[in-house]
Amino acid sequence: MLRGGISAKVFALMLAIFIVFITGALYMQTAFFENFYTTRKAEALDQKMEGFSALYSDSDWTTRQLRLNTTAFERANGVRMAIVDESINMLNDETYYMLVEDYSGVEVSLELNASLSDQEFSRIKDIQMGAEIHAEGFLLGKVESLHMSPVRLVVGDEVIIDYKPVYGYDGSSDNLDRIAGRMKASNLPTEEAIIKGVESHALWSVVDYWNRHYNIKTASNMKGQKEELMDNPEKQAFVFSEPISRERYLTRVYPMKKGDQIHYAFVVASQLPILEAVETLSSYYAIIVLAAIIMSVFLSYLVSRIVTRPLLRINTIAGQMADLDFSNYIEVRTDDEIGHLSQSLNTLSMNLQSNMEELKLANAQLQKDIEKERRLETMRREFISGASHELKTPIGIIQGFAEGIKDGLAQGKTDYFVDVILEEADKMDALVKDMLDLSRIEHDPNSLDLEIFECGAFVRSICEKLEPQIIERGMDLKLSVELDPTLVYADRRRMEQVLTNGLNNAMRYSYEGSTIQVKLSEGRQAVRITIVNPGDPIPEDHLAHVWDRFYRVDPSRSKASGGSGLGLSIVREILVQHNVDFGISNTDTGVSFYFEMKKDRSF
């Protein structure tokens with residue numbers, strides 16, 4: 001109730017006020033930034049154009065000087081500039097055109113700067129006089145000096161440009177003027193000019209647009225009026241959107257006196273930086289709004305915590321105590337009723353926690369004792385069962401042969417009966433020793449006597465010692481050492497026990513006439529010894545149990561099946577204490593047993 005009441009209301013109120021304020025302020029800045037930026041840019045251009053206009057009116061620049069001065073102005077202000085006369089000839093740039101005489105004898109100048117790109121210029125640079133020309137656009141000027149910036153131009157059968165779809169003309173009611181005739185004269189760019197680029201294409205487009213929509217003199221002529229150009233025309237400003245690239249240009253047109261004529265200075269600034277700045281600011285403000293929201297969330301949460309924290313904390317701790325969790329306490333900072341209540345709950349929590357800890361410890365110890373007793377009982381049962389099973393056969397044999405001697409059945413065979421009794425006694429002795437050895441290893445994990453020795457020589461000596469027994473059983477032994485002399489760090493006696501046990505198992509379960517292979521291979525941290533013997537594979541469901549004590553694959557535990565069943569258990573304990581990798585797996589021809597010995601890293 002507290003969390004849904006006081007905290008939620010304080011949090012929601014502060015968050016709403018802050019979001020409304022910051023969002024409104026940032027929206028107002030973004031909405032008016034473009035107009036503010038454009039106004040400041042225009043004011044700056046107006047101031048600089050005052051000086052340029054005065055200098056232009058009083059000077060007698062050559063074409064080269066005019067180009068140099070306009071280029072300097074462009075670089076200083078980040079704009080493009082075009083100077084045109086009353087006949088709309090660009091004075092600071094080369095004018096490219098084709099003079100076409102139509103079939104009625106009227107001459108029309110096709111102005112190409114605003115219409116053709118560099119690629120299109122290259123397609124008509126070698127056009128010959130008399131070529132057939134078809135053009136569509138708006139005719140401007142008087143009959144004796146008509147000119148057109150074509151939106152569609154066809155030279156012969158080749159379509160050079162077709163901007164009609166761009167301008168939205170569908171061909172049925174586009175009110176465009178059309179001319180058809182032959183080229184009488186031309187001024188086209190050279191190959192070198194095309195390679196350098198006809199850079200004033202956009203400027204000519206702006207001038208052409210102004211001439212058709214804003215030029216007072218042209219408008220008067222098109223209306224058939226005889227108004228003269230005003231003595232003091234004012235500057236004009238408009239935004240031109242290039243129809244192909246859709247780029248927007250802020251254009252300022254400044255009339256300038258030049259003798260008894262009026263020339264026009266077109267100053268064109270791309271609005272792309274303005275739009276990019278607005279977009280950047282929008283993204284920046286979005287980040288600010290996000291950061292402000294995060295900050296408001298933090299502040300609202302902080303205030304709500306300050307106001308409601310004590311009661312909420314008490315409520316939380318009380319709920320945890322109801323769930324028997326006494327790990328947390330209430331921080332007491334005031335000496336009032338809430339502080340006293342907090343202290344009382346802390347005391348109650350500590351007392352309950354102490355009692356619960358004692359109960360948990362007693363219960364955990366009881367569980368450990370029960371589990372230990374259960375494990376020991378299982379081990380005792382398994383050990384007694386396994387030991388009795390293993391001892392039953394030799395004891396029975398000894399008892400039988402001893403009774404035979406007593407009953408006189410050993411007449412003439414005394415030595416044989418005694419040898420059998422001694423052999424079975426040796427087996428019992430070996431079994432008891434294995435049991436004692438396994439018990440000692442399991443209960444004394446620090447019994448290893450680690451030393452440094454050469455692995456190859458160690459394995460070779462064991463193989464040479466056991467090779468006669470292998471040959472006696474009708475088998476061969478092959479040792480393959482795939483490493484340079486390598487020092488290992490291990491308990492030599494225990495590792496000899498592991499290797500001997502592995503070779504004995506290989507002898508016991510290999511086919512007669514087969515070859516037991518012992519391979520040494522070098523790893524990054526250890527040396528691996530692999531013993532591969534041809535023989536019957538171990539059933540897959542038995543592989544996981546071969547390490548168990550008294551476990552043998554042969555369930556009958558017959559005398560011919562092998563040893564006591566403790567060998568691999570001892571091997572496992574030795575290798576576990578060495579903390580190395582080992583395992584048994586079936587191969588295509590038999591069984592593979594491997595184990596590792598760690599390399600010496602003391603040098």
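Here the closest non-hydrogen pair linking Val155 and Ile127 is CG1-CD1, 3.1 Å. In this structure, Arg152 and Lys164 approach most closely via the heavy-atom pair CD-CD, 3.8 Å.
Expressed to the nearest 0.5 Å, how far CD1 of Ile179 lies from CG of Leu146 amounts to 9.0 Å. Rounded to the nearest 0.5 Å, atoms CG (Asp46) and OH (Tyr254) are 3.5 Å apart.
Asp85 has no carboxylate O lying under 4.0 Å from a charged side-chain N of Lys258, or vice versa, which leaves the two without a salt bridge. Salt bridge present: Glu522 and Lys599 bring a charged side-chain N and a carboxylate O closer than 4.0 Å.
When ring centroids are compared, Phe238 and Phe240 stay outside the 6.0 Å threshold.
With no hydrogens or angles considered, no side-chain donor-acceptor pair links Asp60 and Gln65 at under 3.5 Å.
Within 6.0 Å of the NZ atom in Lys519, the count of heavy atoms belonging to other residues, nucleotides or ligands does not exceed 12.
Proximity of a side-chain donor or acceptor of Asn211 to a complementary backbone N or O of Val207 within less than 3.5 Å is not detected.
Scanning for side-chain contact (heavy atoms from CB on, under 4.5 Å) contacts around Gln128 gives an empty result, with sequence neighbours left out. Applying the salt bridge (charged side-chain N to carboxylate O under 4.0 Å, His left out) criterion to Glu101, with sequence neighbours excluded, gives no partner residue. Glu482 is linked by a salt bridge (charged side-chain N to carboxylate O under 4.0 Å, His left out) to nothing, counting only residues two or more places apart in sequence or in another chain.
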Derivation of the salt bridge (Lys or Arg N to Asp or Glu O under 4.0 Å) call for Arg528 and Asp581: CA-CA 9 Å; Arg528 174 169 290 195; Asp581 191 19; 3.2 Å; yes
(Q) With side chain to side chain contact (heavy atoms under 4.5 Å, CB included) as the criterion, how do Val268 and Met81 come out once you've worked through the C-alpha distance, each side chain's angles and the decisive distance to 0.1 Å? (A) CA-CA 6 Å; Val268 179; Met81 174 182 281; over 6 Å; no
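In this pair, Tyr56 and Phe52 present their aromatic rings parallel. The plane angle is below 30°, not in the 30 to 60° band.
Of the residues listed (Lys184, Glu111, Met183), the one engaging Met98 in a side-chain contact (heavy atoms from CB on, under 4.5 Å) is Met183, and it is the only one.
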